[in-house]
J.: 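Just dropping this structure here.
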Amino acid sequence: MLDKTYNPKDFEEKIYENWETDGDFKPDMKSDKEAFCIVLPPPNVTGVLHMGHALNDTLQDILIRYNRMLGKKVLWQPGTDHAGIATQMVVERNLAKEGISRRDFGREKFIETVWKWKEQSGGTICKQLRRLGASCDWSRERFTMDEGLSAAVRKIFVKLYKDGLIYKAKKLVNWDSKFMTAVSDLEVIQKETVGKMYYYKYPIAGEEGEYIHIATTRPETMFGDTAVAVSKDNEKLKHLIGKKAILPIINREIPIIADEHADPEKGTGAVKITPAHDFNDFEVGRRHNLPLVNILNPDATLNENTPFAGLDTQTARQKTIEKMEELGLMEKIEDHPMVIPYGDRSGVVIEPLMTDQWFVDAPILAKEAIRAVEDGETKFVPQSYEKTYFEWMRNIQPWCISRQLWWGHQMPIWYAEDGTIFCEETEAEAQAAADKQFGRHVNLTRETDVLDTWFSSGLWAFSTLGWPDENSDYLKTFYPTSVLVTAFDIIFFWVARMMMMSMYGMKKIPFKTIYMHGLVRDEKGQKMSKSKGNTVDPMETIEKYGADALRFFMAAMETQGRDINMNENRIAGYRNFATKLWNAARFGEMNEAKPVKNFNISEVKLAINKWIIAKAQEATLEVSKNIEAFRFSDAANGVYQFVWGTFCDWYIEMIKPILYGEDEVAKQETRASFAWVLDRILVILHPFMPFVTTQLWDNLASRDVKLIHHPWPQNEVIDNQSAQALDMVIDIISSIRSLRAEMNLPAGAKLKAYVKDASEAEFSHIKDFANIICSLARLESIEALSGAASSDMVQTVSGSLTILIPLKGVVDFAAERERLQKELAQLDKNLAGYAAKLSNASFVERAPAKVVEEEKRRQSEALANKEKVESALARIANL
RNA sequence: GGGUGUGUAGCUCAGGUGGUUAGAGCGUUACGUUGACAUCGUAGAGGUCGCAGGUUCGAGUCCUGCCACUCCCA
């Protein structure tokens with residue numbers, strides 16, 4: 001027997017353990033069925049599950065479970081990302097609590113500490129994914145720094161290097177002074193701030209009392225100035241071009257040059273040029289062959305090229321201003337809106353800095369990645385994201401992949417004493433290559449930089465499947481993967497890079513479809529963040545409402561391309577939905593509705609049972625179509641509607657007279673049909689609510705097959721012949737209920753109903769379903785009207801037939817007149833609409849015949865109803 | 001500044017190719033709790049679909065402009 005109440009905590013975890021120990025998530029590699037594969041976007045090992053994951057992983061699990069039930073060979077490949085900066089940061093923070101810095105430890109010991117930490121605290125998120133019900137094949141769990149994936153990284157790196165697609169260059173890069181590493185453009189967040197614009201002047205060399213006026217937001221960088229630029233079209237200033245300005249304080253002469261970078265309309269029209277500390281100035285410097293003067297240390301303090309060595313930029317700025325004021329060269333300071341770059345992890349200001357770094361030639365790699373999408377080999381859903389993808393890919397810049405961190409893939413680069421570079425997969429190979437080239441044994445030192453985290457996750461689609469082992473069964477079976485499900489915020493970080501790396505490494509697309517979903521926001525539509533304190537912990541939600549409720553919420557809210565706002569009421573509503581299903585199952589149990597082995601639906605006789613079976617099959621078809629089209633909300637709402645609105649509200653209510661009646665044959669058939677439909681519900685609801693469906697499946701009967709592997713019904717022939725009769729019955733019941741409510745008839749009052757204007761067939765249906773109608777509409781009887789309607793009858797119209805109920809003494813006829821008047825007004829309004837359309841010659845001519853026909857049909861139906869209402873009004877006019 | 005979305009009931013949201021009286025959940029009102037469901041049932045109220053034009057026999061849906069907000073890239 002089922003428990004009286006639905007309590008997900010009692011069984012969710014047990015069910016998951018059972019799936020996992022039985023190996024239910026593993027693909028049957030011996031099967032010759034079609035393959036279906038999703039690679040899990042690897043969460044950070046440092047991570048804990050947030051609502052974004054809950055959405056992402058629910059959608060994937062729905063696709064995975066659906067396809068598994070379709071009988072395909074299904075793999076959901078899980079794993080975690082080492083998340084270079086993020087993880088190093090967490091471990092460093094822990095060490096800092098004990099007063100230790102990573103430098104105290106040294107590289108090796110620090111990395112050891114990180115690994116130890118990873119073993120202990122990492123992988124929390126994988127446990128949480130299990131709690132959500134994610135049916136990943138955990139036996140294949142990968143980590144971006146495990147042996148196989150590291151081999152993949154080395155192999156691709158060497159290949160790229162030897163193809164000339166990875167190179168080392170001294171360039172201006174985004175420098176994070178907290179972590180003392182370069183970061184890529186994507187890891188820089190531009191924030192609008194109100195800063196200051198400082199106006200000061202530089203003396204002109206050899207011309208006493210002559211100055212050039214400068215406006216800058218960063219006065220302290222003046223020590224790195226190597227020119228002042230003026231536009232050649234600047235009438236007021238062009239006479240200064242070719243002269244020299246003197247940098248005050250340090251008294252260095254710098255040229256005044258002509259360059260269009262200096263907009264005559266902005267600031268003073270003259271721009272100081274600091275090529276080593278500004279991306280625009282760097283370009284100007286290149287055009288004019290200007291020297292580069294670096295004024296910063298790696299920790300963003302000023303260096304010996306300035307008078308303020310050792311001071312941070314803010315302090316140095318104040319000192320510079322003071323000094324300029326002393327010299328009488330400071331003119332004014334104004335508020336100035338500006339955009340300042342910050343590190344996405346560190347939160348400190350990012351400084352452009354000249355350093356030696358390693359780059360991937362992204363523009364070359366992008367070509368194939370663009371073509372694959374242009375040619376439709378990989379499709380984005382929703383398609384509009386292709387635009388975003390193309391926009392980015394066509395303007396892509398070289399990708400800085402070196403990081404001056406310790407935690408990550410150390411680059412497979414070795415230097416000989418003279419700096420010659422050797423790039424090989426192993427040290428031994430590098431040594432051999434070096435010895436050969438030099439003709440003697442040379443000492444090699446390895447590059448200390450590690451790779452950007454996204455380099456290894458860029459290989460995820462094939463490295464996790466066994467590459468570089470080209471003979472891996474999994475690689476051969478599952479690559480290219482079927483779908484990638486991810487949020488749009490990592491389209492550049494990850495999706496674009498996987499496309500590039502896969503097209504380069506595998507010469508094939510990584511996935512056929514990329515499904516992009518939105519962000520999960522808080523109740524008010526604000527982005528969730530720890531600093532705002534508006535995050536909702538999925539684990540708490542699961543604790544409170546069950547994993548199924550949270551999953552169903554995510555599915556039901558997922559409409560293509562839109563963000564989802566958290567809504568606790570709604571989650572509670574889906575928990576109630578599970579309760580509803582639970583109780584429906586209990587109802588079946590109490591009425592001995594047990595699944596009948598080899599139950600043949602084509603032998604069902606009763607219309608009511610035929611009807612619900614057909615509806616269940618229609619619902620199945622709808623769910624299938626919607627899942628295949630990635631219309632998650634339509635799929636979820638379709639099942640919801642069927643279970644609650646059709647099965648519980650109508651079918652269960654309608655079969656009660658049968659189940660409580662005397663007809664044993666009808667009872668048996670109804671019990672079996674009920675059980676069949678409930679089983680069907682468990683099947684089609686399983687991808688969305690795997691726990692409650694499994695719990696019911698296992699407890700209602702002994703089964704030949706586990707629900708997780710139950711075949712998904714396909715190609716069914718749906719017998720719809722009973723639909724019309726039942727639709728009519730439902731319509732009659734609704735009309736009578738409406739009438740009762742509107743006329744405030746006491747619920748207990750048992751009424752007699754009479755039907756007129758019905759066809760032969762309709763009368764016969766009404767006779768067949770009389771006990772159901774009476775029970776649900778709370779009537780004493782329903783039969784055909786003989787003779788004329790008596791004047792105390794109120795009427796309601798249902799479809800083409802009229803239902804009359806004598807209410808002598810029960811009812812307030814003034815209220816009834818009012819009700820009928822209201823109905824009449826609505827009919828008149830509709831009739832006016834139909835008439836307007838049908839009298840419009842161009843509508844009749846141009847609209848499709850079907851539409852015109854339909855309009856005429858509606859008109860005549862409304863006219864007939866109007867007559868009925870009018871006659872009813874006339875009948876009770878004097879009461 | 002460039003690009004991209006969004007604006008529909010009190011709230012949160014659905015409304016693939018234009019075609020009934022624009023739907024759901026929550027909330028709300030009235031009635032009920034009848035042998036699955038103190039997590040239930042029945043019925044109702046509630047919307048000039050952001051604004052203004054246009055295309056069309058017909059526009060929430062397509063086009064143009066405007067307003068407001070979101071996000072991405074500078």
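Residue numbers start from 1 in every chain, and the chains themselves are labelled A, B, ... in the order their sequence lines are given, proteins ahead of strands.
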J.: Considering only NZ, NE, NH1 and NH2 on the basic side and carboxylate oxygens on the acidic side, decide whether A/Glu664 and A/Lys667 come within less than 4.0 Å.
T.: yes
J.: Are A/Phe688 and A/Tyr640 close enough that their ring centres sit under 6.0 Å apart?
T.: no
J.: Run the ring-centre check on A/Phe632 versus A/Phe552 and record whether the distance is less than 6.0 Å.
T.: no
J.: Would you find more than 12 non-hydrogen atoms of other residues, nucleotides or ligands less than 6.0 Å from A/Glu374 atom CD?
T.: yes
J.: Between P on B/C72 and CD on A/Glu386, what's the gap in Å once rounded to a whole number?
T.: 21 Å
J.: Could you list the residues that satisfy side-chain hydrogen bond (donor to acceptor under 3.5 Å, both in side chains) with A/Asp522, not counting sequence neighbours?
T.: A/Asn534
J.: With sequence neighbours left out, what residues match A/Arg778 under side-chain hydrogen bond (donor to acceptor under 3.5 Å, both in side chains)?
T.: none
J.: Give a yes/no answer on whether the side chain of A/Lys4 brings an N or O atom under 4.0 Å of OP1 or OP2 in B/C37.
T.: yes
J.: Output yes when A/Lys379 and A/Glu386 qualify as a salt bridge under the 4.0 Å nitrogen-oxygen rule, no when they do not.
T.: no
J.: I'd like to check A/Asp563 versus A/Phe488 (side-chain heavy atoms, cut-off strictly below 4.5 Å). Are they in contact?
T.: yes
J.: Which nucleotides of nucleotides 15-31 of chain B have their base under 4.0 Å from a protein heavy atom (B), which only their sugar-phosphate (S), and which neither (-), written as one string 5' to 3'?
T.: -B--BBB----S-----
J.: Report yes if the distance between the aromatic ring centroids of A/Tyr385 and A/Phe380 is under 6.0 Å, otherwise no.
T.: no
J.: May I ask you to evaluate whether A/Ser738 reaches the phosphate of B/U42, defined as a side-chain N or O under 4.0 Å from OP1 or OP2?
T.: no
J.: Between B/A43, B/A36, B/C13, which one does the side chain of A/Arg737 approach most closely?
T.: B/A43
J.: With sequence neighbours left out, write down each residue that passes side-chain hydrogen bond (donor to acceptor under 3.5 Å, both in side chains) with A/Asn565, or none if nothing qualifies.
T.: none
J.: Let's test your reading of the pairing rules: Watson-Crick or G-U wobble, both distances under 3.5 Å, then write RNA chain B as a dot-bracket string with ( ), [ ], | and dots.
T.: (((.(((..((((.....[...)))).(((((.......))))).....(((((..]....)))))))).))).
J.: Ring centres within less than 5.5 Å and planes less than 30° apart: is that true of A/Tyr660 and B/G35 in this structure?
T.: yes
J.: What nucleic acid atoms does A/Lys656 come within less than 4.0 Å of, heavy atoms only: base, sugar-phosphate, or nothing?
T.: base
J.: Measure the distance from CZ on A/Phe577 to C1' on B/A36 and round it to the nearest whole Å.
T.: 15 Å
J.: Given that A/Arg575 and A/Asp649 both sit by RNA chain B, which one's nearest nucleotide is further toward the 5' end?
T.: A/Arg575
J.: Is a donor-acceptor contact shorter than 3.5 angstrom present between the side chain of A/Glu558 and the base of B/A14?
T.: no
J.: When every nucleotide of nucleotides 1-8 of chain B is labelled 5' to 3' by its protein contacts under 4.0 Å (heavy atoms), B for base, S for sugar-phosphate only, - for none, what sequence of letters results?
T.: ---S-SS-
J.: Tell me what A/Asn591 touches on the nucleic acid: a base, only sugar-phosphate, or nothing, going by heavy atoms under 4.0 Å.
T.: nothing
